[in-house]
Amino acid sequence: MQINSIYNVVLPKFQKTFKSAQSEQTQTQAEQTKANPFENYMDNQAKINSVTVNKVNAVKEKQTIESEYKNNLRTMIHNNNAIIMAIIPRILGAKDLNGDRRINPSLGEKPGTFLSCIDRLDEIKDLGINTLHILPIHPPGKNHAMGTAGSVYAPLKIIEDNGDIAIDPVLVDFNDARSPKEQMKAFIDECHKRGISVMLDLPSCGSLDMSNNEPELMARGRHGEDKCPQGWVDIRMFEPWHDATKRELNPKLLEMHKQLVDNCIELGVDGIRADVARAKPTEFWDILIKYSREKDPEFAWLAETYTYECASPQLNMMHDRPIDSLRAGFDCYYGQYHMFHEMKASEFMDYITMNLDLTERDYEGDGLKELAGKSLIGSFTTHDDMSAMVRGGEVFCDLSTIIQSTIPMTNPYYVDGFQYGDAYDYPYANKEDIETQTDSYINKVHKNKLDLFNFSGPSVGKYHDIGRVMKETNEMRKKYDDIITKGSFIELDKEGDKGDWVIPFARHLNGKTLVVLANKNVNRPISVKVYVPGLKEHDKLTNLAPEYGEKSTIQVANDEIRAILAPAKAYVFEVNTPEIEKYYLNDVFKQNFNEGARIPKLEDEDEIDSDVIDETTNEKNVDIEKEDNDVDKL
């Protein structure tokens with residue numbers, strides 16, 4: 001099968017245009033020289049000196065960036081301060097002239113490059129994003145490929161023969177004189193200028209081409225066959241072991257990963273996201289992570305590992321083991337928030353407290369709490385998940401934004417396109433194409449998921465108000481940073497919510513309290529009464545979260561909030577309840593930041609004023625109209 005490479009279309013056209021322009025420029029310059037040779041000589045001297053000055057300025061600018069910027073991503077993640085967006089550079093910076101979401105080189109359209117992505121950074125920064133998760137940037141394999149561009153997770157190679165990081169040529173601007181590595185460095189520098197950290201994705205597997213070209217890295221079955229993870233056709237498993245019985249690692253695979261770390265640190269990358277971390281043993285990660293920390297103590301590691309993986313174990317894939325990964329040195333992990341839409345409110349709350357409890361455990365019995373300071377990402381939607389739009393539309397996106405920005409032990413996480421309400425509904429999905437870079441002419445796409453396999457145009461959507469909610473929520477998070485990132489977590493008691501839709505919790509620190517109320521039901525309002533000890537009926541509630549969706553009815557009474565919450569609506573209130581932790585006793589949880597955390601039980605529970613605790617009846621609904629107190633419409 002003949003493969004029509006994108007370069008066979010783009011490069012010849014560019015070269016022809018470039019040569020034509022060069023010829024016209026040479027002819028014009030010759031005519032000018034004849035007309036005024038002295039003036040032309042002075043112009044040439046000015047140009048030569050200008051180039052020299054520009055080079056000097058470029059060197060000075062580079063030195064300034066390197067001297068001013070200092071990686072602190074690991075600390076940010078430990079302190080829950082990272083706000084992350086996942087991007088695919090060939091999509092982010094693409095030029096889609098006709099708006100059909102398919103990049104067609106024959107029409108003059110271009111996939112994104114590192115340099116074209118720079119134009120998008122201010123927009124990303126404006127949303128409040130301070131960390132980019134860059135999906136793999138290596139050249140994709142071409143055989144048994146998925147899609148016409150090849151999956152970003154099926155690399156042809158990860159390291160070049162000369163030890164440099166292997167970069168997909170599509171991401172390189174051939175009009176620019178800088179090398180691929182220099183262009184990647186320029187993009188990273190521009191991120192750092194804007195206060196944006198960079199985390200690079202590390203593929204867990206190789207392509208069929210890589211398996212054939214570098215067999216010493218690859219796993220084989222008992223009959224010498226490639227090992228392919230169940231459900232995939234385009235990737236092959238790496239072999240982490242030289243001798244699994246003796247627990248001896250594959251030195252060549254380990255060396256390749258060390259070379260990648262070296263390149264990352266040289267380029268200024270701040271951390272790595274390890275795809276399917278369970279694909280390698282903890283001994284592997286223990287060595288590699290320590291190796292990176294010797295070079296940069298702030299180099300951060302995010303593990304794609306789950307509390308329990310729905311597809312684990314798979315054929316040719318190990319069990320998921322998040323605790324072991326965190327103990328091996330990972331700073332952060334995915335967790336189970338991608339199942340938020342399936343959880344009942346109480347299940348969601350239990351999951352939060354379970355993770356907080358992990359930071360308190362002594363796994364070795366030596367008095368050390370090894371997972372103290374570890375955290376999660378707000379993995380409500382990742383590139384492996386269907387768009388949040390199909391879970392409940394615009395209001396569900398807004399709901400998940402506010403929830404993941406206020407729960408403890410979490411670094412909010414988004415995928416490019418979320419800010420527009422992109423449902424990743426590609427018109428070309430799974431249709432035949434006339435151009436391809438692989439052995440497939442089918443534009444393979446996973447339904448309602450970010451396109452990993454083809455040359456797609458930039459993410460689009462008509463729900464730009466989602467971006468506003470993101471931005472305003474991040475501003476609120478910044479204003480109340482200490483309470484949200486360090487405060488205790490208190491699950492508040494509720495009544496009247498028989499369907500278990502309402503999420504009520506408080507965040508408390510140094511006498512200050514935020515109360516969060518949210519309705520998970522995207523279809524109908526829910527009536528609820530929430531117990532907030534210390535709240536007074538005359539207290540006014542002001543919503544700190546951005547407004548969106550339908551209006552809710554909120555009423556304040558002594559020690560409680562009564563509400564009819566609109567569909568998928570979330571609120572954040574600052575309330576004057578400095579003693580709230582005392583009333584919830586064992587329901588107060590804190591993340592351990594290396595110095596202990598769980599609030600101890602009071603020695604005498606009778607010390608609490610019994611008059612403050614409201615023993616209310618189990619009402620099905622709250623009839624707010626019958627109450628005498630004022631009603632606030634929020």
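In this text, all values refer to a predicted model and were calculated from it rather than measured experimentally.
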Participant: Any ion pair linking D539 and K536 (charged N to carboxylate O, less than 4.0 Å)?
Facilitator: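 No, K536 and D539 are not salt-bridged.
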Participant: Strictly below 4.0 Å, N to O, side chains only: are E123 and R120 in salt-bridge contact?
Facilitator: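 Looking at R120 together with E123, the answer is yes, because their closest N to O distance falls below 4.0 Å.
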Participant: Would you say H508 and S488 are linked by a side-chain donor-acceptor pair, where the criterion is simply a distance under 3.5 Å?
Facilitator: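 There is no such pair (donor and acceptor under 3.5 Å, judged by atom type) between the side chains of S488 and H508.
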Participant: Going by the rule side-chain hydrogen bond (donor to acceptor under 3.5 Å, both in side chains), which residues pair with E491 if we only count those two or more places apart in sequence or in a different chain?
Facilitator: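 E491 satisfies side-chain hydrogen bond (donor to acceptor under 3.5 Å, both in side chains) with no residue once adjacent residues are dropped.
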Participant: Testing the 3.5 Å rule here: is there a donor-acceptor pair between the side chains of T382 and D385?
Facilitator: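 D385 and T382 do have a side-chain donor-acceptor pair below 3.5 Å.
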Participant: When you check the gap from the basic side-chain N to the acidic O, do D559 and K529 get nearer than 4.0 Å?
Facilitator: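 A salt bridge is absent here (no side-chain N lies under 4.0 Å from a carboxylate O).
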Participant: Is the closest side-chain heavy-atom distance between C191 and Y69 below 4.5 Å?
Facilitator: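 No - every pair of side-chain heavy atoms lies 4.5 Å or more apart.
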Participant: So does R361 pair up with D357, basic N to acidic O under 4.0 Å?
Facilitator: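 Between D357 and R361 there is a salt bridge, with a charged N closer than 4.0 Å to a carboxylate O.
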Participant: Any side-chain donor-acceptor pair under 3.5 Å between D296 and N71?
Facilitator: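 The criterion, which ignores hydrogens and geometry beyond distance, is satisfied for N71 and D296.
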Participant: Among D126, D122, D189, which residue satisfies the salt bridge (charged side-chain N to carboxylate O under 4.0 Å, His left out) criterion with R194?
Facilitator: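 Per the salt bridge (charged side-chain N to carboxylate O under 4.0 Å, His left out) rule, the option paired with R194 is D122, out of D126, D122, D189.
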Participant: Using every non-hydrogen atom in the two residues, find where P89 and C117 come nearest and quote the distance to one decimal.
Facilitator: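 Looking at all heavy atoms of both residues, the shortest contact is O-SG, 3.3 Å.
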Participant: Taking atom types as modelled, find out whether R273 and Y334 have a side-chain donor-acceptor pair closer than 3.5 angstrom.
Facilitator: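 A donor-acceptor contact under 3.5 Å links the two side chains.
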Participant: Counting only N and O atoms by type, is there a donor-acceptor contact under 3.5 Å from the side chain of Q404 to the main-chain atoms of T401?
Facilitator: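 Not confirmed, Q404 side chain does not pair with T401 backbone.
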Participant: Can you see which heavy atom on L399 is nearest to which on A518, and at what distance?
Facilitator: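 Looks like CD1-CB, 3.8 Å.
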Participant: Under a 3.5 Å threshold, yes or no: a donor from one side chain and an acceptor from the other, between D481 and N81?
Facilitator: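 There is such a pair (donor and acceptor under 3.5 Å, judged by atom type) between the side chains of D481 and N81.
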Participant: Any chance you could measure C332, atom SG, to L376, atom CG, to the nearest 0.5 Å?
Facilitator: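 Answer for the SG-CG pair, C332 versus L376, is 6.0 Å.
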Participant: Does a donor on one side chain and an acceptor on the other come within less than 3.5 Å for Q336 and N355?
Facilitator: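 Short answer, no.
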Participant: May I ask you to say whether D331 pairs ionically with R293, meaning some side-chain N is under 4.0 Å from a carboxylate O?
Facilitator: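 So D331 pairs with R293 through a salt bridge.
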Participant: Is a side-chain donor-acceptor pair under 3.5 Å present for S325 with W285?
Facilitator: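 Distance-only check fails for W285 and S325.
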Participant: Looking only at side-chain N and O atoms, does H192 offer a donor or acceptor that is under 3.5 Å from a partner on D270?
Facilitator: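 Their side chains do contain a donor-acceptor pair, which is all the 3.5 Å distance test asks for.
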Participant: Under 3.5 Å, is there a donor-acceptor pair between the side chain of N592 and the main chain of L371?
Facilitator: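 Answer holds: no.
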Participant: Any chance you could lay out the side chain to side chain contact (heavy atoms under 4.5 Å, CB included) test for L492 and I490, step after step, and finish with the verdict?
Facilitator: CA-CA 6 Å; L492 302 176; I490 307 168; 4.1 Å; yes
Participant: Donor-acceptor pair, D201 side chain versus L135 backbone, under 3.5 Å?
Facilitator: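 Judged by distance alone, no pair lies under 3.5 Å.
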Participant: Would you say N510 has more than 12 foreign heavy atoms packed within less than 6.0 Å of its CG?
Facilitator: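 No, the 6.0 Å shell around CG holds no more than 12 heavy atoms from other groups.
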Participant: Does K520 make a cation-pi contact with F396 (under 6.0 Å, within 45 degrees of the axis)?
Facilitator: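 The answer is no, since K520 fails at least one limit relative to F396.
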Participant: Do K478 and E475 meet the salt-bridge criterion of a basic N to acidic O distance under 4.0 Å?
Facilitator: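 Looking at K478 together with E475, the answer is no, because their closest N to O distance does not fall below 4.0 Å.
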Participant: Donor-acceptor pair, distance only, cut-off 3.5 Å: does the side chain of N558 make one with the backbone of E537?
Facilitator: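 A pair under 3.5 Å: yes.
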Participant: Think K486 forms a cation-pi with F593, using NZ or CZ under 6.0 Å from the six-ring centre and within 45 degrees of its axis?
Facilitator: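 Yes, cation above the ring, under 6.0 Å and within 45°.
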Participant: Are the side chains of C397 and F418 in contact, using a 4.5 Å heavy-atom criterion?
Facilitator: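 Of all side-chain heavy-atom pairs linking C397 with F418, at least one is under 4.5 Å.
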Participant: Tell me yes or no: between the side chains of E574 and Y480, is some donor less than 3.5 Å from an acceptor?
Facilitator: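 Yes, a side-chain donor-acceptor pair sits under 3.5 Å.
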Participant: Taking NZ, NE, NH1 and NH2 as the nitrogens, is one of them in R468 or E547 under 4.0 Å from a carboxylate oxygen of the other?
Facilitator: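 Result for this pair is no, no salt bridge flagged.
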Participant: Please check: side-chain N/O of D422 versus main-chain N/O of V460, any donor-acceptor pairing under 3.5 Å?
Facilitator: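 Side chain of D422 to backbone of V460, a donor-acceptor pair under 3.5 Å: yes, one is there.
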Participant: Does the side chain of S346 pick up a donor-acceptor pair with the side chain of D500 at under 3.5 Å?
Facilitator: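 A donor-acceptor contact under 3.5 Å links the two side chains.
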Participant: For F330 and I289, work out which heavy atoms get closest and say how close.
Facilitator: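 Reported closest heavy-atom pair: N-CD1, 3.7 Å.
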Participant: Does this structure show an ion pair linking K290 with D286, if we count only N-O contacts that are shorter than 4.0 Å?
Facilitator: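 So K290 pairs with D286 through a salt bridge.
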Participant: Taking T305 for its side chain and A277 for its backbone only, find out whether a donor-acceptor pair lies under 3.5 Å.
Facilitator: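 No, T305 side chain to A277 backbone: no donor-acceptor pair under 3.5 Å.
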Participant: Should I561 and I554 count as side-chain neighbours, where that means a heavy-atom distance under 4.5 Å?
Facilitator: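 A side-chain contact exists here, since the closest heavy-atom pair is under 4.5 Å.
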Participant: More than 12 non-hydrogen atoms from neighbouring residues, nucleotides or ligands closer than 6.0 Å to CZ on F348, yes or no?
Facilitator: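 Yes, enclosed.
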Participant: Would you call the rings of Y571 and F573 parallel, tilted or perpendicular, taking 30° and 60° as the class edges?
Facilitator: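 Ring orientation, 0 to 90° scale: parallel.
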Participant: So do the side chains of E394 and I466 get within less than 4.5 Å of each other, counting heavy atoms only?
Facilitator: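 In short, these two side chains touch, coming nearer than 4.5 Å.
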Participant: Report yes if some heavy atom in the side chain of L132 is under 4.5 Å from a heavy atom in the side chain of I124; otherwise report no.
Facilitator: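 Sidechains of I124 and L132: in contact.
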Participant: Which pair of non-hydrogen atoms, one from I188 and one from G268, has the smallest distance, and what is that distance?
Facilitator: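 Nearest heavy atoms, I188 then G268: CG2-O, 3.7 Å.
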Participant: Is the Y337 ring parallel, tilted or perpendicular to the Y351 ring (thresholds 30°, 60°)?
Facilitator: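 Plane angle over 60°, so perpendicular.
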Participant: Is the shortest side-chain heavy-atom distance between P533 and E579 below 4.5 Å?
Facilitator: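 They are not in contact (no side-chain heavy atoms under 4.5 Å apart), so the answer is no.
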Participant: Salt bridge between D384 and K449, side-chain N to carboxylate O under 4.0 Å?
Facilitator: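 Salt bridge absent between D384 and K449.
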Participant: Salt bridge check: are K569 and E550 linked by an N-O gap of less than 4.0 Å?
Facilitator: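 Judged by the 4.0 Å cut-off on N to carboxylate O distance, K569 and E550 do not form a salt bridge.
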Participant: Could you walk me through whether F299 and C264 pass the side chain to side chain contact (heavy atoms under 4.5 Å, CB included) check?
Facilitator: CA-CA 10 Å; F299 199 80; C264 285; 4.1 Å; yes
Participant: Kindly indicate, with the supporting measurements, whether the criterion side chain to side chain contact (heavy atoms under 4.5 Å, CB included) is fulfilled by I87 and H133.
Facilitator: CA-CA 6 Å; I87 65 166; H133 163 205; over 6 Å; no
Participant: Under a 3.5 Å threshold, yes or no: a donor from one side chain and an acceptor from the other, between S405 and T473?
Facilitator: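 Per modelled atom types, S405 and T473 side chains form no pair under 3.5 Å.
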Participant: Evaluate the side chain to side chain contact (heavy atoms under 4.5 Å, CB included) criterion for residues T75 and E298: first the C-alpha distance (whole Å), next the side-chain angles of each, then the deciding distance (0.1 Å), finally the verdict.
Facilitator: CA-CA 7 Å; T75 296; E298 278 290 320; 2.6 Å; yes
Participant: In the structure I gave you, are the side-chain heavy atoms of I377 and Y333 within less than 4.5 Å of one another anywhere?
Facilitator: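 SC-SC contact between I377 and Y333 ruled out.
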Participant: Among F589, Y584, F505, which residue meets the ring pair (Phe, Tyr, Trp, His ring centres under 6.0 Å) test with F489?
Facilitator: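 Single pass found, and it is F505.
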Participant: Using the ring centroid of each side chain, check whether Y413 and F380 are separated by less than 6.0 Å.
Facilitator: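 Judged by ring-centre distance (under 6.0 Å), Y413 and F380 do not meet the cut-off.
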